[in-house]
Peer 1: 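Have a look at this one before I ask anything.
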Amino acid sequence: MELIVFILYLVFMIGIGVYFFLRTKNGGEKMYFLGGRKMGPWVTALSAGASDMSAWVLMGLPTAVFSLGLGQIWIPIGLLLGYSLSWLLEAPRLRKFSLAANDSITIPQYLTNRFLSKSKSLQVICAAVFLFAYTIYAASSIKACGTLFHTVIGIDANTAMYLAAAIIVAYTFFGGFSAVCWTDFFQGLLMLGALLLAPIFALGALNLTESASAIPADFFNPFSDWKSIVSGLGWGLGYFGMPHIIVRFLSLRSQKEMKKSAFIGIGWTLLILGFATAVGVVGRMMFGASDAIAENSTVFIQMVRQLFPAILSGILLSAVLAASMSTADSQLLSAASALASDVYQPILRKHRASDREMQWVGRLVVLAIAIAALSLAAFPGSGSIMSLVENAWGIFGAAFGPAILLSLFWKRFTFSGAIAGIVTGAAVDLLWLLFCSGTGIYEIIPGFLAGTIAAVLVTLLSKKPSEEIEALFDRAVAYED
């Protein structure tokens, strides 16, 4: 029964992709990569949230809390703070600035057009970071699908990963941004429903006094380690530079709908993170310490299968598929847009490519990155779902967060400062991960700080922006539609 539910769910996802392929096949590059800037507030908000909350929110985060206790609660707190600030401070300006900067449809395009630069160096650097980090990020989502099918149905995990990757590629390949946003919308609702139901029903089935007394006292102490507090809060920095999330801000059809979309998005994220943490706590009360659950990140899966009949557990476990797919599709599309629109079109084709050609180049890039991510996910030493997300999240936040924020709020900021911030942030993040991870401090924190310092110093040492660039900044700040 669970397998039947999974199949029906996957067919529905492919159907959305086919629908938008038939509807937008002649829509051009802007339609394929940004949905023609016609997304409403509900779709924009839930798509941004669902593309953010990959399978780690159903598997990685609950299992981290299950294994290590409420010291891990600083991760969802940091994420909620960062997400809220990105909607309230970054989103309104980024949409206006992208329109003022020659109607930019990708983050690398925006960062180049913001400085009226003819150089394509920044776009190439961005595309390289995208390719590297999104391969890691998408691998975590594909790996989660393999774990789900192996745990629930018993089929080989690698076979399940191939199947999941094929489904994700299918609707992203054909439907583009519109298909990704609408699948994310439905998947966001499913994820929320699953996380609401599981811990509530589990609490009803437990003897709370006996279950809580069996857990070590330090499990409930969120202040046991200052490094966990700092690193957990540091996760929030990632939102300011996460391309597949903040590109949703660009797609909103009207500036007037920004506040409504922000309210929906922040509210959804608050509920998702709160109940994901509850799954970890209640799961520990329900199952006790379990090395098997901790190793395979299956506390949510085991809880659902024990509490609900097959048809309902199949629906709820489809939320894991939803979380995996809603993030992987967005990552594939963002990477494809960067390589197609920011490298292939301006450098290899010198702006001679037709809209139809650009759509097909984007689709082929989606396929290539999916194959690379699948290969990484299937590699035995690739790491856990949580560690893969953590590494990719750190690279994006450290590389792009400082540059994007400074470009939106500092009129004096320069093109060379943006390049310095992106390169330094990414490099320090990777070096910290490789050589200083034993400190217990999440690499995004030194990476973000280093990127900010480099961007500011290089800007101050650079020539002041031209009057035309300063006029663009003023025009963007005052933009209304």
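Below, each value reflects all heavy atoms present in this structure, side chains not excepted, and no hydrogens, waters or symmetry copies.
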Peer 1: Backbone N or O of R95 within a donor-acceptor pair of the S98 side chain at under 3.5 Å?
Peer 2: yes
Peer 1: Counting only N and O atoms by type, is there a donor-acceptor contact under 3.5 Å from the side chain of N391 to the main-chain atoms of S387?
Peer 2: yes
Peer 1: Which heavy atom of T135 sits nearest to which heavy atom of A373, and what is that distance?
Peer 2: O-CB, 3.6 Å
Peer 1: For I395 and V129, what are the C-alpha separation, side-chain angles and deciding distance, and is it a side-chain contact (heavy atoms from CB on, under 4.5 Å)?
Peer 2: CA-CA 8 Å; I395 294 172; V129 176; 3.9 Å; yes
Peer 1: For F132, does the CZ atom sit with more than 12 other heavy atoms under 6.0 Å from it, leaving out its own atoms?
Peer 2: no
Peer 1: Do L307 and M286 have side-chain heavy atoms sitting under 4.5 Å apart?
Peer 2: yes
Peer 1: Classify the angle between the aromatic ring planes of F448 and F240 as parallel (below 30°), tilted (30 to 60°) or perpendicular (above 60°).
Peer 2: tilted
Peer 1: Are the side chains of F435 and L431 in contact, using a 4.5 Å heavy-atom criterion?
Peer 2: yes
Peer 1: State the CD1-OG distance between I73 and S228, to the nearest 0.5 angstrom.
Peer 2: 12.5 Å
Peer 1: Using side-chain heavy atoms (C-beta onward) and a distance below 4.5 Å, is F220 in contact with V281?
Peer 2: yes
Peer 1: For the ring pair F249 and W87, is the centre-to-centre distance below 6.0 Å?
Peer 2: yes
Peer 1: Looking at S437, is its backbone amide N or carbonyl O close enough to the side chain of E443 to form a donor-acceptor pair, meaning the two atoms are under 3.5 Å apart?
Peer 2: no
Peer 1: What pair of heavy atoms forms the shortest contact from P76 to L273, and how long is it?
Peer 2: O-CD1, 3.5 Å
Peer 1: Rounded at 0.5 Å granularity, tell me how far CZ in F300 sits from CG in L316.
Peer 2: 6.0 Å
Peer 1: Would you find more than 12 non-hydrogen atoms of other residues, nucleotides or ligands less than 6.0 Å from F409 atom CZ?
Peer 2: yes
Peer 1: Taking Y239 for the side chain and I245 for the main chain, is one N or O donor matched with an acceptor at less than 3.5 Å?
Peer 2: no
Peer 1: Can you see which heavy atom on A144 is nearest to which on M59, and at what distance?
Peer 2: CB-SD, 3.9 Å
Peer 1: Hey, would you say the F97 and Y479 ring centroids sit under 6.0 Å apart?
Peer 2: no
Peer 1: In Å, rounded to the nearest 0.5 Å, how long is the span from CD1 of I441 to CH2 of W432?
Peer 2: 7.0 Å
Peer 1: For the pair W74 (side chain) and P222 (backbone), establish whether a donor and an acceptor sit closer than 3.5 Å, ignoring hydrogens and angles.
Peer 2: yes
Peer 1: Rounded at 0.5 Å granularity, tell me how far CG in N158 sits from CG in L163.
Peer 2: 12.5 Å
Peer 1: Evaluate the side-chain proximity of S407 to L111: yes if any heavy-atom separation is below 4.5 Å, no if none is.
Peer 2: yes
Peer 1: Would you confirm whether S231, through its side chain, and G440, through its main-chain N or O, come within 3.5 Å as a donor-acceptor pair?
Peer 2: yes
Peer 1: Out of the candidates V279, I301, T298, only one should pair with P62 under the side-chain contact (heavy atoms from CB on, under 4.5 Å) rule; please name it.
Peer 2: V279
Peer 1: If you compare all heavy atoms of A378 against all heavy atoms of M161, which two are closest, and at what distance to 0.1 Å?
Peer 2: CA-CE, 3.8 Å
Peer 1: Could you go through L94 and Y110, starting from their C-alpha distance and side-chain angles, then the distance that decides it, and tell me whether this counts as side-chain contact (heavy atoms from CB on, under 4.5 Å)?
Peer 2: CA-CA 9 Å; L94 185 57; Y110 158 70; 4.0 Å; yes
Peer 1: Verify the neighbour count for atom CZ of F287: are there more than 12 heavy atoms of other residues, nucleotides or ligands below 6.0 Å?
Peer 2: yes
Peer 1: I need the D225 CG to Q72 CD distance, nearest 0.5 Å.
Peer 2: 9.0 Å
Peer 1: Please assess C126 against I107 for the test side-chain contact (heavy atoms from CB on, under 4.5 Å), listing each intermediate value before the final yes or no.
Peer 2: CA-CA 9 Å; C126 290; I107 297 304; over 6 Å; no
Peer 1: F396 vs Y137 aromatic rings, parallel, tilted or perpendicular, using cut-offs 30° and 60°?
Peer 2: tilted
Peer 1: Taking all non-hydrogen atoms of both residues, which atom of I142 and which atom of A165 are closest, and how far apart?
Peer 2: CD1-CB, 4.1 Å
Peer 1: Looking only at non-hydrogen atoms, find the nearest pair between R284 and I215 and report the distance.
Peer 2: CG-CD1, 3.9 Å
Peer 1: Is there a donor-acceptor pair closer than 3.5 Å between any side-chain N or O of H150 and the backbone N or O of I155?
Peer 2: yes
Peer 1: Side chains of Y83 and W268: does their closest heavy-atom pair fall under 4.5 Å?
Peer 2: no
Peer 1: Which value, rounded to the nearest 0.5 Å, describes the distance between W393 atom CH2 and W235 atom CH2?
Peer 2: 7.5 Å
Peer 1: Are Y162 and D156 packed together at the side-chain level, in the sense that at least one heavy-atom pair is separated by less than 4.5 angstrom?
Peer 2: no
Peer 1: With a 4.5 Å limit on heavy-atom distance, are the side chains of F400 and I246 in contact?
Peer 2: no
Peer 1: So do T277 and I75 actually touch side chain to side chain, heavy atoms under 4.5 Å?
Peer 2: no
